[in-house]
Undergrad: 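Below you'll find the structure I mean.
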Amino acid sequence: MTNTEIAAIFSTIADLLEIKGDNPFRVRSYRNAALSIDQLAVTLNYIYKRDEDELEDIPGVGKGIHEKIVEIIKLGHSTLLDELLREMPKGLLEMLKIPGVGPKKVKLFYGELNISDVDALEKAAQSGELRALPKMGEKSEDKILKGIKNYRSLKEKSGRVYHRTAFLVATEIVEFMKKAPVVKRVEFAGSLRRWQETIGDIDILVGVKKNKADESTKHFIDFPGTEEVILSGLTKTTIRLKGGIQADLRVVDESQYGAALLYFTGSKAHNVILRDMAKKAGMRVNEYGVTDEETGRVVASETEEDMYKALGLEWIEPELREGLHELEAAKKGGLPKLITEKDIKGDLHFHSTYSDGSDSLSAIAKAGIERGLEYIAITDHSKAVGIARGMNEQKLLKQCAEIDKVNLRLKDNGESFTLLKGIEVDILADGTLDMDKDVLSQLDVVVAAVHSGFAMDKDKMTDRIQKAMSSGVVNIHAHPTGRLINIREPYELDIDAVITSAKDHNISLEINSHPERLDLKDSHIFLARERGVKVAISTDSHTIDTMPYMSFGIHNARRGWCEKRDVLNTMSLKKLQSYLKQ
DNA sequence: GCCGTTTTCGGCCCGACTGTTTTCAGTCG
């Protein structure tokens with residue numbers, strides 16, 4: 001069973017215990033453990049096999065959850081969950097997903113009216129049965145009906161959107177908010193600012209001059225993309241946009257902007273740990289500042305730097321704020337110096353008209369120069385990928401000759417830009433490469449990837465990739481897990497073993513920057529980096545229009561704690577060429 | 001159920017908004 005599946009079991013246990021009215025701190029423990037397990041870079045199964053007791057090194061996992069993990073690994077299910085599901089129907093869990101319906105309401109509806117799923121809840125709300133219950137009225141019924149409608153339309157779209165999708169809308173909102181004269185500062189916060197791969201809703205933070213909150217709220221509601229105002233108070237407003245995404249606005253006094261930005265950037269786990277640390281130091285942290293408990297004086301609020309500093313911490317990059325190791329590192333002054341956009345010197349995965357790309361070699365070179373790159377590796381598909389017009393040996397050699405010509409012309413024109421000869425060669429089902437080795441060894445860079453046989457079992461797939469890695473000609477292993485976010489699960493793979501092989505054969509793992517791929521994902525990047533494996537941040541562009549996607553890969557690398565030295569394509573052309581030759 | 005620079009018990013982040021009530025519980029982030 002995967003970490004995500006085991007995390008889901010604990011999360012479900014937490015929901016059911018909460019409906020039952022169990023100790024809220026026990027509920028929180030299961031929820032924390034679920035979060036922590038889902039963010040883990042190694043599999044629970046791997047830890048269990050290596051040394052069972054190490055399970056308790058996972059934050060939020062103690063004796064009780066340790067035992068339950070072992071039970072799930074051994075039996076394939078949890079007896080506690082089975083028991084809870086005998087007491088309460090599964091449909092109650094779905095009811096929790098309706099906005100405005102929480103555990104107490106679910107318990108009330110189930111206990112008093114025997115409502116056990118969303119359909120029954122809808123009927124009861126329509127017939128006006130719910131208003132007979134304590135603390136329920138007509139408005140509550142309306143709210144639930146609306147909530148059910150939204151839940152159903154979102155369910156079709158999986159609820160979370162790609163970072164890029166949310167980013168484009170959020171940028172529009174930010175620009176719109178800047179037009180209001182009362183708005184002194186505005187930016188997006190939340191998972192968007194942390195560059196999480198998918199986004200649940202958009203958080204916008206606005207700083208205004210004293211007592212000007214309502215003007216900015218009015219302006220926000222007038223955003224042309226607004227479909228419906230869900231709630232609106234003095235400092236907090238939520239709207240639903242026409243595409244279905246929800247956007248939250250928070251308005252604070254500009255003198256408290258840093259405190260609010262820190263708070264609304266999160267993550268929740270980061271905030272919880274931060275507040276706990278503050279508490280131990282006699283301070284209280286909220287969205288308005290850091291307060292010294294003893295004197296009652298606010299000691300920081302204006303900037304994030306001030307906030308962290310007041311707690312004895314370095315400023316932490318948003319991408320690191322996941323409540324994993326960053327606060328400990330900040331305390332010791334041991335935060336990484338994250339890679340930035342300007343560290344990138346080239347792109348090592350690019351398709352041209354020689355396979356399924358839409359631009360010519362010279363157009364790609366021109367675009368590379370315009371973006372200030374030193375090099376782009378042309379890596380078209382090999383023949384196994386028929387649908388992408390993959391190349392045979394002959395065509396590849398022909399392409400190499402044209403690359404030489406383009407490079408000569410660039411040199412004559414005084415350009416310091418080079419196209420590298422490369423390929424994205426297929427790793428066939430048996431682990432051999434889809435191209436003659438003698439031809440491959442003539443190239444500057446060989447990118448290898450799996451494009452078929454995704455349903456292979458875990459051991460076979462792992463062997464297949466390891467065999468390709470030991471071929472002696474591969475430099476980069478592309479989109480290592482094959483996932484498409486929200487579309488296709490990664491293929492079964494022992495990522496630990498693949499990272500070890502990459503290290504043994506000095507192969508770089510790709511961070512594919514396409515917003516639907518982001519493969520490797522953040523936690524695997526962290527693991528690779530820890531083991532000393534370099535990553536290559538590539539766009540896998542099929543048109544020059546997607547070259548800006550590099551930015552998504554960079555932020556993903558930052559989420560994996562990558563510094564400049566961890567990334568292959570931060571090397572200058574000269575360095576890279578001698579590195580690849582070795 | 002977890003956790004420990006006030007350790008093995010007694011805590012556990014903090015505040016806004018809503019709807020239903022007359023002071024607050026429930027939900028959300």
Undergrad: Output yes when at least one side-chain N/O atom of A:N286 is less than 4.0 Å from OP1 or OP2 of B:dG15, else no.
TA: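 Yes, within the criterion.
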
Undergrad: Hey, does A:L234 reach any base, or is it just sugar-phosphate, or nothing, if we go heavy atoms under 4.0 Å?
TA: sugar-phosphate

Undergrad: Would A:E293 and A:R284 count as a salt bridge (Lys or Arg N to Asp or Glu O under 4.0 Å) if you check the C-alpha gap in whole Å, the side-chain angles of each, and the deciding distance to 0.1 Å?
TA: CA-CA 6 Å; A:E293 290 279 26; A:R284 190 177 74 242; 3.3 Å; yes

Undergrad: Whether A:S29 contacts B:dC12 is assessed here as follows: a side-chain N or O lying under 4.0 Å from the phosphate OP1 or OP2. Is that the case?
TA: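 Checking B:dC12 against A:S29, no side-chain N or O comes under 4.0 Å of OP1 or OP2.
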
Undergrad: Regarding A:Y263, tell me which of base, sugar-phosphate or nothing describes its non-hydrogen contacts under 4.0 Å with the strands shown.
TA: base

Undergrad: Without decimals, in angstroms, what is the distance between A:Q256 CD and B:dC14 C1'?
TA: 15 Å

Undergrad: Mind telling me whether A:F188 and A:F167 have parallel, tilted or perpendicular rings, with 30° and 60° as the class edges?
TA: perpendicular

Undergrad: May I ask you to say what A:E138 touches in the nucleic acid, namely base, sugar-phosphate or nothing, with a heavy-atom cut-off under 4.0 Å?
TA: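 Here A:E138 touches the backbone only, sparing every base.
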
Undergrad: How many whole angstroms separate atom CD1 of A:I37 from atom P of B:dG1?
TA: 14 Å

Undergrad: Any side-chain N or O of A:R28 below 4.0 angstrom from OP1/OP2 of B:dC13?
TA: yes

Undergrad: Whole Å only: how far is the CG atom of A:D201 from the C1' atom of B:dC28?
TA: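 Rounded to whole Å, this separation is 10 Å.
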
Undergrad: Provide, to the nearest angstrom, the distance between the NZ atom belonging to A:K107 and the P atom belonging to B:dA25.
TA: 16 Å

Undergrad: Side chain of A:Y288 only, heavy atoms from C-beta on: which candidate in B:dA16, B:dC12, B:dG26 is closest?
TA: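 Looking only at side-chain atoms, A:Y288 lies closest to B:dA16.
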
Undergrad: Taking the side chain as every heavy atom from C-beta outward, state whether A:I202 and A:I245 have any atom pair closer than 4.5 Å.
TA: yes

Undergrad: Identify which nucleotide among B:dC17, B:dA25, B:dG1 has an atom closest to any side-chain atom of A:K68, counting heavy atoms from C-beta outward.
TA: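 Selected nucleotide (nearest to the side chain): B:dG1.
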
Undergrad: Using Watson-Crick or G-U wobble geometry with both distances under 3.5 Å, which nucleotide pairs with B:dG11?
TA: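 Its partner is B:dC2 (Watson-Crick or G-U wobble, both distances under 3.5 Å).
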
Undergrad: Please pick, from B:dC12, B:dG15, B:dG26, the nucleotide with the shortest atom-to-atom distance to any side-chain atom of A:E287.
TA: B:dG15

Undergrad: Does B:dG1 have OP1 or OP2 sitting under 4.0 Å from an N or O in the side chain of A:R26?
TA: yes

Undergrad: Within the 4.0 Å heavy-atom criterion, would you say A:V27 contacts the bases, only the backbone, or no part of the nucleic acid?
TA: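 Nothing, no heavy atom under 4.0 Å.
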
Undergrad: For the side chain of A:K236, counting heavy atoms from C-beta on, which of B:dC14, B:dC17, B:dT20 is nearest?
TA: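 So the side chain of A:K236 is nearest to B:dC17.
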
Undergrad: Kindly point out which of B:dC17, B:dC13, B:dA16 is positioned nearest to the side chain of A:L231?
TA: B:dC17

Undergrad: Base of B:dT7 relative to its sugar, syn (within 90° of 0) or anti?
TA: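 Syn conformation for B:dT7.
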
Undergrad: Using a 4.0 Å heavy-atom cut-off across all strands, classify A:P24 as base, sugar-phosphate, or nothing.
TA: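 Contact class for A:P24: none.
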
Undergrad: Among B:dC12, B:dC24, B:dG29, which is the nearest nucleotide to the side chain of A:D203?
TA: B:dG29

Undergrad: For A:R131 and B:dT20, give me the distance from atom CZ to atom P, rounded to whole Å.
TA: 10 Å

Undergrad: NA contact type, A:S232, heavy-atom cut-off 4.0 Å: base, sugar-phosphate, or nothing?
TA: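 Here A:S232 touches the backbone only, sparing every base.
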
Undergrad: Using atom NZ of A:K97 as one end and atom C1' of B:dT27 as the other, report the distance to the nearest whole Å.
TA: 17 Å

Undergrad: Taking the nucleotide of DNA chain B with the nearest heavy atom to each, does A:E56 or A:T237 sit closer to the 5' end?
TA: A:E56

Undergrad: Measure the distance from CG on A:L145 to P on B:dG19 and round it to the nearest whole Å.
TA: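 Roughly 14 Å, once rounded to whole Å.
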
Undergrad: Determine yes or no for a side-chain-to-main-chain donor-acceptor pair under 3.5 angstrom, with A:R297 supplying the side chain and A:T291 the backbone.
TA: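 Not a single qualifying donor-acceptor pair exists.
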
Undergrad: Base, sugar-phosphate, or nothing for A:K139, non-hydrogen atoms under 4.0 angstrom?
TA: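 Touches sugar-phosphate only.
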
Undergrad: Is there side-chain contact between A:R193 and A:L261, with heavy atoms separated by less than 4.5 Å?
TA: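 The answer is yes, as the side chains (C-beta and beyond) meet within the 4.5 Å cut-off.
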
Undergrad: Side-chain N or O of A:R284 less than 4.0 angstrom from OP1 or OP2 on B:dG15?
TA: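 Checking A:R284 against B:dG15: at least one side-chain N or O falls below 4.0 Å of OP1 or OP2.
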
Undergrad: Between A:S140 and B:dT20, is there a side-chain N or O to OP1/OP2 distance below 4.0 Å?
TA: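 Yes, A:S140 has a side-chain N/O under 4.0 Å of OP1/OP2 on B:dT20.
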
Undergrad: Nearest whole angstrom, please: distance from the P of B:dG29 to the CZ of A:R194.
TA: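 After rounding, the reported distance stands at 13 Å.
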
Undergrad: Mind checking A:L133 for me? I need base, sugar-phosphate or nothing, with any heavy atom below 4.0 Å counting as a touch.
TA: nothing

Undergrad: Would you mind reporting whether A:Y162 and A:E197 have side-chain heavy atoms less than 4.5 Å apart?
TA: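 The answer is no, as the side chains (C-beta and beyond) never meet within the 4.5 Å cut-off.
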
Undergrad: Given that A:G60 and A:V272 both sit by DNA chain B, which one's nearest nucleotide is further toward the 5' end?
TA: A:G60

Undergrad: Do A:K123 and A:E129 make a side-chain contact, defined as non-hydrogen atoms from C-beta onward lying under 4.5 Å apart?
TA: no

Undergrad: Any side-chain to backbone donor/acceptor pair from A:D519 onto A:T481? Under 3.5 Å, distance only.
TA: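 Yes, because the side chain of A:D519 sits within donor-acceptor range (under 3.5 Å) of the backbone of A:T481.
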
Undergrad: It should be established whether A:K279 places a side-chain nitrogen or oxygen under 4.0 Å from OP1 or OP2 of nucleotide B:dC14.
TA: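 Yes, A:K279 has a side-chain N/O under 4.0 Å of OP1/OP2 on B:dC14.
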
Undergrad: A:F25 has a side chain; which of B:dG26, B:dA16, B:dC12 sits nearest to it?
TA: B:dC12

Undergrad: Give a yes or no on whether a donor-acceptor pair under 3.5 Å exists between the nucleobase atoms of B:dG1, that is its base, and the side chain of A:N23.
TA: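 It does, because a donor-acceptor pair links the side chain of A:N23 to the base of B:dG1 below 3.5 Å.
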
Undergrad: Pick base, sugar-phosphate or nothing for A:P99, based on heavy-atom distances below 4.0 Å to the nucleic acid.
TA: sugar-phosphate

